[in-house]
Amino acid sequence: MIITLKDGSTKEYAGAMSVYEIAQDISEGLARAACAGEVNGEVVDLRTVIDSDVNLSILTTNDKEGLRVYRHTAAHVMAEAVKRLFPEAKLTIGPAIDNGFYYDFDAPAFSREDLDKIEEEMKKIIKEGAALERFTLSREEAIKLMQEKQEPYKVELIEDLPEDAELSFYKQGDFVDLCAGPHLMSTKNIKAFKIISSSGAYWRGDSNKAILQRIYATAFGKKDELKEYLEYLEDIKKRDHNKIGREMELFTTVDVIGQGLPLLMPKGAKMIQIMQRWIEDLEDNEWGYVRTKTPLMAKSDLYKISGHWDHYKEGMFVMGDEENDKEVFALRPMTCPFQYYVYKASQKSYRDLPLRYGETSTLFRNEDSGEMHGLTRVRQFTISEGHLIVRPDQMVEEFKGCLALAKHCLQTLGLEDEVTYHLSKWDPDNKEKYIGEPEVWEETQQHIREILTELEIDFVEDVGEAAFYGPKVDINAKNVYGKEDTMITIQWDALLAEQFDMYYVDQNGDKVRPYIIHRTSMGCYERTLAWLTEKYMGKFPTWLCPEQVRVLPISEKYADYANEVMKQLKKNGILATVDQRSEKIGYKIRETRLARVPYMLVVGQQEEADKTVSVRSRYAGDEGVKPLGEFINQICEEIRTKEIRKEVAENEQ
């Protein structure tokens with residue numbers, strides 16, 4: 001047989017050979033580093049026997065799939081360590097993931113001390129260097145084995161597999177686990193790993209099933225790579241908006257109020273007020289929007305017309321019971337049905353379109369408790385929502401306008417390089433999830449595809465991510481932990497106008513259905529605040545800061561002048577405070593720096609006499625003494641233009 005290797009070279013063998021044996025024949029070093037093989041594009045176990053002509057790549061930890069195999073073996077080592085230390089723990093699943101691996105156990109919660117013990121036990125198992133042996137069993141034998149080992153979750157997994165599925169197991173020493181593989185040849189090949197954390201997780205992601213204990217860990221082929229990753233994790237922790245936001249007193253959460261219901265504290269509320277006023281003025285003054293203000297709840301009748309009752313009810317907060325109550329209400333998960341009735345309140349002509357309705361909308365969605373996270377996934381939130389009612393011939397240009405507005409907002413916030421664009425399409429294999437005919441879906445998706453291509457916007461296509469009434473562009477970003485969330489959405493809707501009997505009168509006097517664009521310009525304010533916090537590590541551009549200037553009198557003797565300076569700053573719309581404490585000036589400067597305030601103005605005898613201020617900033621360190629009027633003009637221009645100044649290093653400030 002002839003084996004064609006990744007570099008195009010070939011090897012010829014007289015008889016069948018395992019992937020591992022071929023790796024050995026190539027070089028002993030490659031065999032030692034090998035994690036798996038890739039045969040004709042399929043990742044296989046090193047034990048796989050090849051008996052015909054194939055294309056073969058030997059995978060190591062330098063390859064993505066090789067690293068996954070390496071980490072999956074480490075997950076088995078972790079499971080064995082847990083079973084040694086906590087024999088009553090029940091095994092479930094333990095996959096490799098993008099940044100490491102995890103294993104779920106039915107067991108009491110693990111403390112950090114427990115995790116450290118598990119890590120030490122893993123080191124012992126690796127040192128023992130047991131070979132991993134693969135074997136298969138019949139369905140009956142597999143179930144019997146797992147029953148004897150008192151592993152009910154494994155029994156459930158076996159019973160849920162197709163009747164003709166091959167049931168494979170891997171054994172290392174006395175430890176046996178149900179697993180499809182592939183795996184390393186021996187536990188001794190694991191060189192560098194670390195247990196990161198543990199948390200609760202529902203069995204099979206179902207909140208009605210048992211809560212398990214998930215242990216997260218990672219593994220790398222080299223210790224230097226592990227060290228680099230752990231340093232990266234430390235940096236992530238510093239950037240996490242949950243940590244920074246609470247330290248800066250932007251928001252807090254309280255158990256008795258509820259999960260996913262954060263309290264915005266004065267600084268966080270001020271930041272959202274700044275963004276909201278900016279967006280509303282931008283939309284109304286420059287992009288032709290008109291404001292609406294609609295109720296936070298409505299009868300179920302409204303959502304039945306729109307289709308949300310059938311397609312989205314589980315995600316809504318419903319008040320009442322249709323069987324027992326005359327009227328059932330629900331908190332709104334979106335604003336579109338309300339704005340449709342604003343449109344319908346008077347007859348519209350073709351000359352009235354496009355109509356661009358904007359609303360700062362507070363919405364409510366019954367998110368799963370396992371999805372809650374800081375400000376990025378909450379149950380009550382506020383968005384820069386809008387709906388454009390347009391003639392069909394206006395749809396493409398208005399859709400482009402919505403994309404342009406979204407890009408403008410991202411650029412102003414300094415976030416344009418952080419996002420990816422997605423064409424979210426319907427799933428033709430699950431037509432029951434959607435309304436409308438297939439040809440309408442295909443046509444509207446093609447329109448969006450052409451718009452994105454024309455605008456030279458790179459995008460990916462996601463099947464099944466469309467709203468039930470139309471395809472959309474989702475502009476997504478990742479948080480510091482790599483989880484992707486949608487920040488801005490622009491949806492093409494050619495269907496709901498029919499549901500609500502919306503029309504306009506055209507130039508011939510005929511009634512015509514309009515098209516609708518559902519969009520956000522900046523998205524959810526809470527999620528954007530979280531995103532900005534992680535992007536800037538709390539060092540926000542001056543125009544966004546809840547405290548833009550702090551005035552620091554050198555001593556109490558200059559408090560009156562400090563307050564006079566603050567008064568002048570506030571008269572010019574600058575968010576300023578005075579540090580009145582009787583502390584040394586060096587301490588006040590350090591405290592101001594830690595508070596991430598963009599500017600501090602130090603004032604003393606000379607500054608008071610000359611009506612000047614000594615300026616220190618995050619951007620240039622010591623900026624010298626300036627007349628107060630000059631500084632006010634400078635910062636007002638920076639705020640007006642929403643300039644994003646480059647920071648200097650801490651030791652230069």
Side-chain angles (χ1 to χ4, degrees), residues 248 250 266-287 408-416 521-522 525 528-529 532-533 535-536 538-553 558-580 588-589 592-593 595-604 606-648 652-653:
M248 293 184 69
L250 301 180
K267 290 180 181 178
K270 174 55 72 174
M271 289 189 69
I272 285 184
Q273 182 190 59
I274 292 169
M275 289 190 283
Q276 180 180 327
R277 288 176 174 175
W278 164 53
I279 289 293
E280 289 179 350
D281 288 345
L282 178 70
E283 290 179 345
D284 299 356
N285 299 334
E286 298 182 35
W287 292 82
H408 173 77
C409 292
L410 291 170
Q411 288 165 357
T412 304
L413 293 167
L415 300 171
E416 69 273 20
S521 50
M522 190 199 66
Y525 287 98
T528 300
L529 178 55
L532 289 165
T533 302
K535 157 80 174 177
Y536 293 109
K539 294 182 178 180
F540 306 106
T542 301
W543 74 275
L544 277 172
C545 283
E547 183 184 6
Q548 295 162 336
V549 178
R550 187 176 293 182
V551 186
L552 311 179
Y558 309 107
D560 288 345
Y561 180 58
N563 282 300
E564 182 185 327
V565 169
M566 180 182 70
K567 190 179 295 183
Q568 289 301 313
L569 293 168
K570 286 188 170 184
K571 275 185 180 179
N572 286 275
I574 300 161
L575 301 173
T577 62
V578 174
D579 188 339
Q580 304 275 16
K588 290 182 179 182
I589 290 172
T592 306
R593 188 179 297 146
R596 303 171 172 90
V597 179
Y599 291 95
M600 58 185 95
L601 304 182
V602 180
V603 295
Q606 194 65 49
E607 287 80 12
E608 183 177 32
D610 298 339
K611 300 302 179 187
T612 59
V613 289
S614 181
V615 182
R616 299 179 67 89
S617 75
R618 295 195 327 241
Y619 312 113
D622 187 350
E623 295 192 15
V625 177
K626 298 180 181 181
L628 177 57
E630 179 184 327
F631 173 76
I632 288 174
N633 290 336
Q634 169 196 316
I635 191 173
C636 283
E637 180 66 8
E638 182 183 335
I639 292 168
R640 185 190 67 80
T641 60
K642 299 176 176 56
E643 180 184 358
I644 300 176
R645 294 186 66 185
K646 185 178 178 181
E647 302 273 342
V648 298
E652 297 177 50
Q653 292 184 19

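Going from atom CE of M522 over to atom CG of L413 covers 6.5 Å, rounded to the nearest 0.5 Å. A distance of 9.5 Å separates CG of L628 from CG of N633, quoted to the nearest 0.5 Å. How far CE of M275 is from OG1 of T412: 12.5 Å, rounded to the nearest 0.5 Å. With rounding to the nearest 0.5 angstrom, the CD atom of E647 is 4.0 Å from the CZ atom of R618. From I639, atom CD1 reaches atom CD of E643 across 11.0 Å, with rounding to the nearest 0.5 Å. Between atom CD of residue E623 and atom CD of residue Q634 there is a gap of 5.5 Å, rounded to the nearest 0.5 Å.
L544 approaches M271 most closely through the heavy-atom pair O-CG, 3.3 Å. Heavy atoms only, all atoms of each residue included: C409 and I279 are closest at SG-CD1, 3.7 Å. Smallest separation of non-hydrogen atoms from S614 and E607: CB-OE2, 3.7 Å. Between P541 and I644, the shortest heavy-atom distance links the atoms CG-CG1, 4.0 Å. In plain terms, the two heavy atoms of A595 and R550 that are nearest each other are CB-NH2, 3.7 Å. G414 and K535 get closest at one heavy-atom pair: O-CE, 3.3 Å.
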Is there a side-chain contact (heavy atoms from CB on, under 4.5 Å) between C636 and I574 once you walk through the steps?
CA-CA 7 Å; C636 283; I574 300 161; 3.9 Å; yes
For a side-chain contact (heavy atoms from CB on, under 4.5 Å) check, start with the C-alpha distance between I632 and L569, then their side-chain angles and the critical distance, and finish with the verdict.
CA-CA 7 Å; I632 288 174; L569 293 168; 3.8 Å; yes
Step by step, work out the side-chain contact (heavy atoms from CB on, under 4.5 Å) result for K588 and M600.
CA-CA 10 Å; K588 290 182 179 182; M600 58 185 95; over 6 Å; no
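Between H408 and W287, the ring planes are tilted. Angles from 30° to 60° get that label.
The residues E564 and K611 are annotated as salt-bridged, a charged nitrogen and a carboxylate oxygen being separated by less than 4.0 angstrom. Using a cut-off of 4.0 Å between Lys/Arg side-chain N and Asp/Glu carboxylate O, E637 and R640 are scored as salt-bridged.
A side-chain contact (heavy atoms from CB on, under 4.5 Å) with P553 is found for one member of V603, V602, V565 and no other, namely V603.
Although no hydrogens or angles enter the test, the distance criterion places no donor-acceptor pair under 3.5 Å between the side chain of K626 and the main chain of V615. Of the possible donor and acceptor atoms, one in the side chain of Q548 sits under 3.5 Å from a partner among the backbone N and O of L575.
When the shell of 6.0 Å around CZ of R277 is examined, it contains 12 or fewer heavy atoms from other residues, nucleotides or ligands.
Applying the ring pair (Phe, Tyr, Trp, His ring centres under 6.0 Å) rule to Y599 yields the partners Y619, F631; only residues at least two apart in sequence or on another chain are considered. Under the side-chain contact (heavy atoms from CB on, under 4.5 Å) criterion, D560 pairs with no residue at all, not counting sequence neighbours. Every residue two or more places apart in sequence or in another chain was checked for a salt bridge (Lys or Arg N to Asp or Glu O under 4.0 Å) with K270, and none qualifies.
The closest side-chain heavy-atom distance from Q568 to K571 is below 4.5 Å. Residues V551 and N563 are not in side-chain contact: their nearest non-hydrogen atoms beyond the backbone lie 4.5 Å or more apart. The side-chain heavy atoms of M248 and E547, taken from C-beta on, include no pair separated by under 4.5 Å.
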